[in-house]
Protein chains: 2
Amino acid sequence: MVSIVSVAKVAGVSNKTVSRVINGEPYVTEETRERVERAIRDLGYVPNMAARQIRSSRSNTFGIIADYVSTTPYSVDIVRGIQDWANANGKTILMANTGGASEQEIKIWKLFQSHRIDGVLYVTMYHRIVDPETGDVGIPTVMINCRPRTGELLPSIEPDDYQGAQDLTRYLLERGHRKIGYIRLNPILLGAELRLDAFRKTIGDFGLGENDLTIRLGMEGPVGAEKNYVFAAATEMLQQKDRPTAIMSGNDEMAIQVYIAAMALGFRIPEDVSIVGFDDFRTVSQALKPELTTAALPYYNLGLEGAELLNSVVAGTEVCPSRRVVSCKLVERTSVCSL
Amino acid sequence: MVSIVSVAKVAGVSNKTVSRVINGEPYVTEETRERVERAIRDLGYVPNMAARQIRSSRSNTFGIIADYVSTTPYSVDIVRGIQDWANANGKTILMANTGGASEQEIKIWKLFQSHRIDGVLYVTMYHRIVDPETGDVGIPTVMINCRPRTGELLPSIEPDDYQGAQDLTRYLLERGHRKIGYIRLNPILLGAELRLDAFRKTIGDFGLGENDLTIRLGMEGPVGAEKNYVFAAATEMLQQKDRPTAIMSGNDEMAIQVYIAAMALGFRIPEDVSIVGFDDFRTVSQALKPELTTAALPYYNLGLEGAELLNSVVAGTEVCPSRRVVSCKLVERTSVCSL
DNA sequence: TTGTACGCGTTATCAA
DNA sequence: TTGATAACGCGTACAA
């Protein structure tokens, strides 16, 4: 492999001078610089990151440790956000998935150590509370889309489920809906509680009471093996004498079943029932007809800002472990009508 | 950072002996080995990959270069397959996304070179034909879910769209369906042609003619900005006098609209119309009610076998650039009934 | 402005 | 069975 020495030989300078040119250091004649640069081009020299790292003892590498994130439709945008940031800032990304297994997690921390990772981004597929098995290694860590159980003190960055659900609820209220149904997410997800709270609170602030709402559980059970009641819940809700004019679905995926339930009963969407989702999982929200009004989870920004935050932590700029929140944007499509 | 030297000092042996223990080489007394291992544990020593790489000039790292794959719901399982293989075989994975831009692609090859990557897995989101911008670097490469335009000679590994569509068609025929509708994928996708061919051929082999089929285009246009005719096509198809008793949807996502179109016309699924998809994109296929019968794209295995293949190529075991094909598995659910 | 010499953590060679 | 020493490619201190 062509190294800095071969370049130096061809250019007729010392290796240090080549190093200077590569790193854009001052004190090199324009003429020397050009000679070196030509030699680099001619030989096709590419710096060796490993050697560089050994000298500087900084790898300029961040690790992503994820439960299933890179392997699920939902939150891959987090990874994209991180990668884009890394790309723009000259960092390398090493990614590993635990698949949920904690032995795996320990193995991954070892791997990261052996690569002398500068920092770790701990990412989860669903917004939730976790106990990271940091393997007692003192690598700076930022949590994305999750939060450490109280006691740990790691900075985290999360979506604002509350605000997202609040915006959606207001959106329905402003359009005249007064009887609203809500189909709950799996309670083991952090978003489930936040979204439901926001829904209830916003309804209450508007002056409506509990009897204007119909709240049903849509899913429960462990991730990957959950019980699904969405279709039944939606069907039942829509058969009530005083049926809701709008249904908030815990997420977009569940909204598929709400659509099907509504249509099976002969209701038109949105004329007879308005429906909103949550997540803006576009494969679904744009495939449904009419297209689904929903709140977009800020996955991409979560990744982008998480990487940025980690960078500050590594640099020592960020002092106290903060908890940041990124807002959800309401995406208006055509599944809601005004009354 | 604790290095091999400190371990050697504590264990009272030479650094080479420590190296021997770490790499499981022979010619070390059991007693020496134990002393060294204790020292490693006590000091919390972790090998430095960068240093190792410098000496051995093998990085044990594969690079993934992907168009959008890690960032789309569809094919992330390819990445999971690769990562699992890497994990099981002590390889590290570096991943980068082009986002479709070819300047990015060149930049990524540079990055890979600078990390002295052993081999590259070139992955695409959709099954298609590509012109990889290899940057003229002689890194061993395997293509996954895509195929080089004729002229290049890179080994590739692809899903068997033909066989998948064939199985689905037979499945419908065996259950008595004689009038079958087909909603075509975007023609720019390789799968579109393969699946349609298989459909036509299988129907023909069965003795049915072109007038027993209704074929409509579901989507067209550039990826990310395609025109969507699915709903209209399905609606029209089902309003024909001699309407099909079963519809094959180009993929699962499009099947959502077929469901909605059917229900809007008052048809029950599967009693009045049977529907099958393609891909087994579970977020959709399991969310639809009744759940969707479909053919599973072997994404995970594509990744697994692709990594395995690349390993052979790197090792020099694999000689001629082969083109392998992985079969699609029919997943039977409840969206089809027998006539 | 440029060059020399050394060290980073590891593996390889060869001698003991 | 073990160890001394060189070498990998690069950056740094210091000298020229």
Side-chain angles (χ1 to χ4, degrees), chain A residues 1-40 43-61 90 92 110-118, chain B residues 1-40 43-61 90 92 110-118:
Chain A
M1 200 67 214
V2 36
S3 84
I4 212 172
V5 188
S6 1
V7 175
K9 214 167 283 172
V10 169
V13 298
S14 78
N15 46 11
K16 174 58 200 177
T17 301
V18 177
S19 173
R20 270 192 267 263
V21 171
I22 293 166
N23 299 307
E25 289 171 30
Y27 305 124
V28 184
T29 339
E30 195 47 42
E31 191 243 324
T32 314
R33 183 180 304 277
E34 271 169 23
R35 259 213 331 280
V36 172
E37 275 165 355
R38 173 165 27 257
I40 288 178
L43 271 59
Y45 165 79
V46 179
N48 184 324
M49 290 303 184
R52 189 172 280 182
Q53 176 189 151
I54 268 199
R55 274 301 329 191
S56 54
S57 72
R58 299 199 101 247
S59 60
N60 267 304
T61 301
T92 303
K110 273 260 152 45
L111 176 77
F112 282 176
Q113 273 189 287
S114 76
H115 282 279
R116 303 300 190 260
I117 294 278
D118 293 334
Chain B
M1 202 68 214
V2 35
S3 86
I4 213 171
V5 188
S6 1
V7 175
K9 214 167 284 173
V10 169
V13 298
S14 78
N15 46 10
K16 175 60 196 174
T17 299
V18 176
S19 174
R20 270 193 265 263
V21 171
I22 294 166
N23 298 306
E25 289 170 32
Y27 304 123
V28 183
T29 340
E30 194 49 42
E31 191 242 326
T32 314
R33 184 181 303 279
E34 272 170 22
R35 260 215 327 283
V36 172
E37 274 166 354
R38 173 162 29 256
I40 289 177
L43 272 59
Y45 165 80
V46 178
N48 184 325
M49 292 302 183
R52 183 173 286 180
Q53 176 189 151
I54 272 200
R55 264 311 326 202
S56 55
S57 73
R58 298 200 101 248
S59 59
N60 267 302
T61 301
T92 303
K110 273 259 152 45
L111 176 78
F112 282 175
Q113 273 188 286
S114 75
H115 281 280
R116 302 300 190 264
I117 293 277
D118 293 335

Less than 3.5 Å between a donor and an acceptor, one on the side chain of B/Arg55 and one on the base of D/dG9, is that the case here?
-> no
Residue B/Ser19, side-chain heavy atoms: nucleotide from C/dT4, C/dT2, C/dT11 that is nearest | C/dT11
For A/Thr32, which contact category applies under a 4.0 Å heavy-atom criterion: base, sugar-phosphate, or nothing?
-> sugar-phosphate
When all nucleic acid strands are considered with a 4.0 Å heavy-atom cut-off, which category describes B/Asn23: base, sugar-phosphate, or nothing?
-> sugar-phosphate
Give the rounded distance in Å between these two atoms: CD1 of A/Ile22 and P of D/dC10.
-> 7 Å
For A/Ser56, which contact category applies under a 4.0 Å heavy-atom criterion: base, sugar-phosphate, or nothing?
-> nothing
With distance as the sole test, does B/Thr29 use its side chain to make a donor-acceptor pair with the main-chain N or O of B/Glu31 at under 3.5 Å?
-> no
On DNA chain D, nearest-nucleotide positions of B/Val13 versus B/Ala51: which is more 5'?
-> B/Val13
Quick one: label A/Val5 by what it contacts on the DNA or RNA (base, sugar-phosphate, nothing), any heavy atom closer than 4.0 Å.
-> nothing
Is it the case that more than 12 heavy atoms not belonging to A/Lys16 sit under 6.0 Å from its NZ atom?
-> yes
Side-chain (A/Arg35) to main-chain (A/Ala11) donor-acceptor, under 3.5 angstrom = yes
Under 4.0 Å between a side-chain N or O of B/Tyr27 and OP1 or OP2 of C/dA16?
-> no
Over how many whole Å does the gap from A/His115 atom NE2 to C/dT10 atom P extend?
-> 13 Å
Between A/Thr92 and B/His115, is any side-chain donor less than 3.5 angstrom from a side-chain acceptor?
-> yes
